[in-house]
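What follows is a short report on a single structure.
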Amino acid sequence: MKRKPKIFQLSSSLTQISLNSVNVFLIRTPETLCLIDTGYLGSFPLIEAAFQSLGIKLEDIQHIILTHIHPDHTGELEKIKNLSGATTWMHELDAKIFREGKVFRSPIKITPGLINFIIYQRNIKRGPYQLPFTDIDETLSDGDQFPFLGPNRIIHTPGHTEGHICLLLEDEDCLIAGDLCVNVIGLTHAPIHEDLELATESIRKVSRFSFGKAGFGHGRPLLKNGSQRLRSAFKLGKA
């Protein structure tokens, strides 16, 4: 059976596109068309199908924001950038090694737990560990704002990767969380990390912001009480 992308509208301008194992996000405003992450290598047909069902063209993407370097989030960057000519954005710390052709820092650390070990063995261990070279046009730092979106904020959230970011869309009351954590069978740490303690501190940092909805790189979105649910799931106490 041919796989199909699943599309979920988080708000009037924010769409989650599920590519089975990973989610990408589309921001559509009168001013711009912006894609958050590009899926794994080989997911282009699913992304293309999603755009067709939404009545828009991949060629019209103006900006591509990468939450981090991992290949399930950057896999189709080359193809989509070449097709659209979009400006690419990534945190400066991840962009530095991505420009060297790297999509992981060594060693890869598995988050404790049997399920995480199985996910690593089945999905991550096989790679890819390199992707076709694609330059990053613009780099990001904590607190940056995109001039082409409404009120927004880049939140630097190291731990999963050194240069991992989240994007807070204030008017949408929504956090695009990347792999800050996952929501597959509840809110948990991502299966791999570079620094688990730092990843927890990044979740604490994000939970101090106010947002109702949250979309994740893996799993279901939160539709209400997002920041409070992060604090509760990771036992972080009050903001």
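Nothing fancy with the numbering, it's 1 onward along the sequence.
- Within the 4.5 Å cutoff, side-chain heavy atoms of Cys174 are placed close to those of Leu14.
- Using a 4.5 Å heavy-atom cutoff, the side chains of His160 and Ile192 are in contact.
- Cluster annotation: Phe216 is not connected to Phe25 through the hydrophobic network of ILVMFWY side chains, with a link wherever side-chain heavy atoms come within less than 4.5 Å.
- Side-chain contact check for Asp37 and Thr67: at least one donor-acceptor pair (N or O, by modelled atom type) lies under 3.5 Å.
- Phe148 and Met90 sit in two unconnected hydrophobic clusters of ILVMFWY residues. Membership requires side-chain heavy atoms under 4.5 Å apart, directly or through other members.
- In this structure, the side chain of Lys125 does not engage the main chain of Tyr120 through any donor-acceptor pair within 3.5 Å.
- Side-chain contact between Leu66 and His73 is absent, with no heavy-atom pair separated by less than 4.5 Å.
- Interatomic distance, CG of Leu33 versus CG of Leu54, reported as 9.5 Å (0.5 Å rounding).
- In this structure, Glu197 places its CD atom where only 12 or fewer heavy-atom neighbours from other residues, nucleotides or ligands lie under 6.0 Å away.
- Here CD1 of Ile155 is found 12.0 Å from CG of Asp144. Values are rounded to the nearest 0.5 Å.
- Looking only at distances, no side-chain donor or acceptor of Arg153 sits under 3.5 Å from a matching main-chain atom of Leu168.
- Residues Val24 and Ile80 share a single hydrophobic cluster, defined by chaining ILVMFWY side chains whose heavy atoms lie under 4.5 Å apart.
- Contact detail for Leu187 and Arg229: the closest heavy-atom pair is CD1-O, 3.8 Å.
- Counting only distance, with no hydrogens or angles, the side chain of Thr88 and the backbone of Asp137 share a donor-acceptor pair below 3.5 Å.
- For Phe117, the CZ atom sits in a loose shell: 12 or fewer heavy atoms of surrounding residues, nucleotides or ligands are nearer than 6.0 Å.
- A donor-acceptor pair shorter than 3.5 Å can be found between the side chains of Gln9 and Thr15.
- Under the 3.5 Å distance criterion, the side-chain polar atoms of Lys109 are matched with a main-chain donor or acceptor of Glu194.
- Taking the six-membered ring where the residue is Trp, His68 and His70 present perpendicular rings, their angle passing 60° and hence far from 30°.
- The distance from atom OG1 of Thr161 to atom CG of Asp195, rounded to the nearest 0.5 Å, is 11.5 Å.
- For NZ of Lys102, the number of neighbouring non-hydrogen atoms (other residues, nucleotides, ligands) closer than 6.0 Å is 12 at most.
- The number of heavy-atom neighbours closer than 6.0 Å to CD of Gln130, taken from other residues, nucleotides and ligands shown, is 12 or below.
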Pair Asn82-Thr134, side-chain contact (heavy atoms from CB on, under 4.5 Å): steps then yes or no: CA-CA 9 Å; Asn82 287 344; Thr134 309; 5.9 Å; no
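- Ile36 is not connected to Phe209 by any chain of hydrophobic side-chain contacts under 4.5 Å among Ile, Leu, Val, Met, Phe, Trp and Tyr, and they are in different clusters.
- For the pair Asn183 (side chain) and Arg220 (backbone), a donor-acceptor distance under 3.5 Å is present.
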Arg99 vs Asp135, side-chain contact (heavy atoms from CB on, under 4.5 Å): CA-CA, chis, key distance, verdict: CA-CA 6 Å; Arg99 286 167 170 156; Asp135 197 13; 3.2 Å; yes
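- Here the side chains of Phe8 and Leu10 are in contact, with some heavy-atom distance below 4.5 Å.
- Nearest heavy atoms, Ser43 versus Thr38: OG-O, 3.7 Å.
- Scanning both residues, Thr29 and Ser13, for their nearest heavy atoms gives CG2-CB, 4.4 Å.
- Not one N or O on the side chain of Thr32 forms a donor-acceptor pair closer than 3.5 Å with the backbone of Cys34.
- Judged by distance alone, the side chain of Arg126 and the main-chain N or O of Arg122 form a donor-acceptor pair under 3.5 Å.
- We find the NE2-OG1 distance between His164 and Thr157 to be 5.0 Å, quoted to the nearest 0.5 Å.
- Under the 4.5 Å side-chain criterion, counting only non-hydrogen atoms from C-beta, Leu77 is in contact with Ile64.
- Contact annotation: the side chain of Arg105 approaches that of Ile69 to within less than 4.5 Å [non-hydrogen atoms, C-beta and beyond].
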Trp89/Ile154 under side-chain contact (heavy atoms from CB on, under 4.5 Å): CA gap, chis, key distance, verdict: CA-CA 11 Å; Trp89 305 75; Ile154 290 295; over 6 Å; no
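- Closest approach of Phe234 to Thr188, counting heavy atoms only: CZ-C, 3.6 Å.
- Annotation: Ile115, atom CD1; neighbour count of heavy atoms from other residues, nucleotides and ligands within 6.0 Å does not exceed 12.
- Side chain of Ser232 to backbone of Gln228: no donor-acceptor contact under 3.5 angstrom is found.
- Looking only at side-chain heavy atoms (C-beta outward), Gln16 and Pro221 come within less than 4.5 Å of each other.
- Using modelled atom types, one side-chain atom of Glu76 and one backbone atom of Phe44 make a donor-acceptor pair closer than 3.5 Å.
- Expressed to the nearest 0.5 Å, how far CZ of Phe98 lies from CG of Leu131 amounts to 6.0 Å.
- What you find for Pro158 and Glu162 is that their closest heavy atoms are CB-O, 3.4 Å.
- With rounding to the nearest 0.5 Å, the separation of CD1 in Ile17 from CG in Asn23 is 9.5 Å.
- Between the His218 side chain and the Val184 main chain, no donor and acceptor come within less than 3.5 Å of each other.
- Side-chain atoms of Ile176 and Ile65, non-hydrogen and from C-beta on, never get closer than 4.5 Å to each other.
- Both Ile97 and Ile108 are assigned to one and the same hydrophobic cluster, defined by single-linkage of ILVMFWY side chains at heavy-atom distances under 4.5 Å.
- Here the closest heavy-atom approach between residue Val182 and residue Ala190 is recorded as CG1-CA, 4.0 Å.
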Steps toward side-chain contact (heavy atoms from CB on, under 4.5 Å) verdict (Leu167, Ile27): CA-CA 12 Å; Leu167 173 59; Ile27 303 172; 4.2 Å; yes
